Amino acid sequence: MDAARSRPQLSVVVPAYNEVESLPALLDELRAALGATQRTWELLLVDDGSRDGTGDAMESAARADPRIRVLRLEKNAGQSAALAAGLVRAAGEVIVTLDADLQNDPADIPALLAALANADVVSGVRQGRRDSWLRLVSSRIANGMRRAVLGDRVTDIGCSLKAYRREALADLPMFVGVHRFLPALCAFRGARVVEIPVRHRPRTQGVSKYGVGNRLWRGIHDLVGVAWLKRRLVRYQVRGE
């Protein structure tokens, strides 16, 4: 069988750090949602150096289901590194990303795929945010600053539930903090980016690994670098292509 025929239509990339409690329910919900798409799929679970047994639980799930692939980072490298490791190894023509903490609802995946019919990137916008007031305020500030500096129209960059055509992600630069800017980077290169509303659920298992200190202030710091990158991107088109 050649590579094109064996390639799944859909890849789902899920970075996780110390999420062993959420994993069983997440896998059940993902199987149900992906089954509803009527597409062939693979699930890439990326263990970001967890210390609570997350990686072992992932490998146990993969032994029971050949559609699940597990990547285990040697040590905790952060959300951007874990996501990049999954994206570069994803085989599907469409790539979906989401968090492992169950706040993203896998049942929204079919709606993302439907919206992708007329777009290259679909970014979720969380409805009825189930976060603390401090997290909501920091998110609003960071999103507002990003839109003002970069000029992109993504209103909820903190939502990890997104869908990409494979070609939209091809050869994008990867750096610390890139998970906050992927739709913007795609848009800079001419990708069609749309947003759709998605559900947001309260965290019921474990605790958040990302606080205001590494969401707001680090995001603002990364913004300077992305603004520079936008100005320096090479843009060209070959005549006749």
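Keep in mind the model is a prediction, meaning the values are calculated, not measured.
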Are the side chains of [Y] and [X] in contact, using a 4.5 Å heavy-atom criterion?
| X | Y | answer |
| --- | --- | --- |
| L10 | T40 | no |
| E21 | D52 | no |
| L169 | L87 | yes |

Could you pull out all donor-acceptor pairs under 3.5 Å where a side-chain atom in residues 112-119 meets a protein atom, sequence neighbours excluded?
none

Exercise: identify the closest heavy-atom pair between [X] and [Y]:
| X | Y | result |
| --- | --- | --- |
| A107 | R199 | CB-NH2, 3.6 Å |
| K162 | D156 | NZ-O, 3.9 Å |
| C159 | V198 | SG-CG2, 3.9 Å |
| D48 | G78 | OD2-N, 3.0 Å |
| L73 | A82 | CD1-CA, 3.9 Å |
| Y164 | P183 | OH-CD, 3.9 Å |

Suppose we screen for salt bridge (Lys or Arg N to Asp or Glu O under 4.0 Å). Which residues come up paired with E42, at least two apart in sequence or across chains? R69
Just jot down the salt bridge (Lys or Arg N to Asp or Glu O under 4.0 Å) partners of E167, sequence neighbours excluded, or say none. none
Let me have the donor-acceptor pairs involving side chains of residues 23-34, under 3.5 Å, with sequence neighbours excluded, atom names and distances please.
from	atom 1	to	atom 2	distance (Å)
E29	OE1	R201	NH1	3.1
E29	OE1	R201	NH2	2.9
R31	NE	D65	OD2	3.3

Please report the C-alpha distance between L83 and L182 in whole Å, then the side-chain angles of each, then the deciding distance to 0.1 Å, and finally whether the side chain to side chain contact (heavy atoms under 4.5 Å, CB included) criterion is met. CA-CA 11 Å; L83 183 62; L182 277 176; 3.8 Å; yes
Main-chain N/O of [Y] paired with [X] side-chain donor or acceptor, under 3.5 Å:
| X | Y | result |
| --- | --- | --- |
| T37 | R39 | yes |
| D99 | D101 | no |
| D47 | S50 | yes |
| R67 | W41 | no |
| N104 | L98 | no |

Output every pair passing salt bridge (charged side-chain N to carboxylate O under 4.0 Å, His left out) with a member in residues 111-123, not counting sequence neighbours, ordered by first then second residue. D120-R165, D120-R192
Mind checking whether I109 and V125 sit in one hydrophobic cluster, side chains of I, L, V, M, F, W, Y counted as touching below 4.5 Å? no
Do the side chains of V20 and Y17 join up, straight or via other hydrophobic residues, at under 4.5 Å, putting them in one cluster? no
Could you walk me through whether Q103 and R126 pass the side chain to side chain contact (heavy atoms under 4.5 Å, CB included) check? CA-CA 10 Å; Q103 290 197 266; R126 293 167 288 182; over 6 Å; no
For the residue pair E195 and T155, confirm or rule out a side-chain donor-acceptor distance under 3.5 Å. yes
How long is the straight-line distance from OG1 of T54 back to CD of E19, given to the nearest 0.5 Å? 6.5 Å
Value for CG (N76) from CG (N18), rounded to nearest 0.5 Å, stands at 8.0 Å
Show me, pair by pair, the donor-acceptor contacts under 3.5 angstrom made by side chains of residues 88-97, not counting sequence neighbours?
from	atom 1	to	atom 2	distance (Å)
R89	NH1	A85	O	3.1
E93	OE2	R7	NH1	2.7
T97	OG1	S160	O	2.8

In sequence, state the C-alpha distance, the side-chain angles, and the governing distance for D108 and L161, and then conclude on side chain to side chain contact (heavy atoms under 4.5 Å, CB included). CA-CA 9 Å; D108 284 319; L161 187 55; 3.7 Å; yes
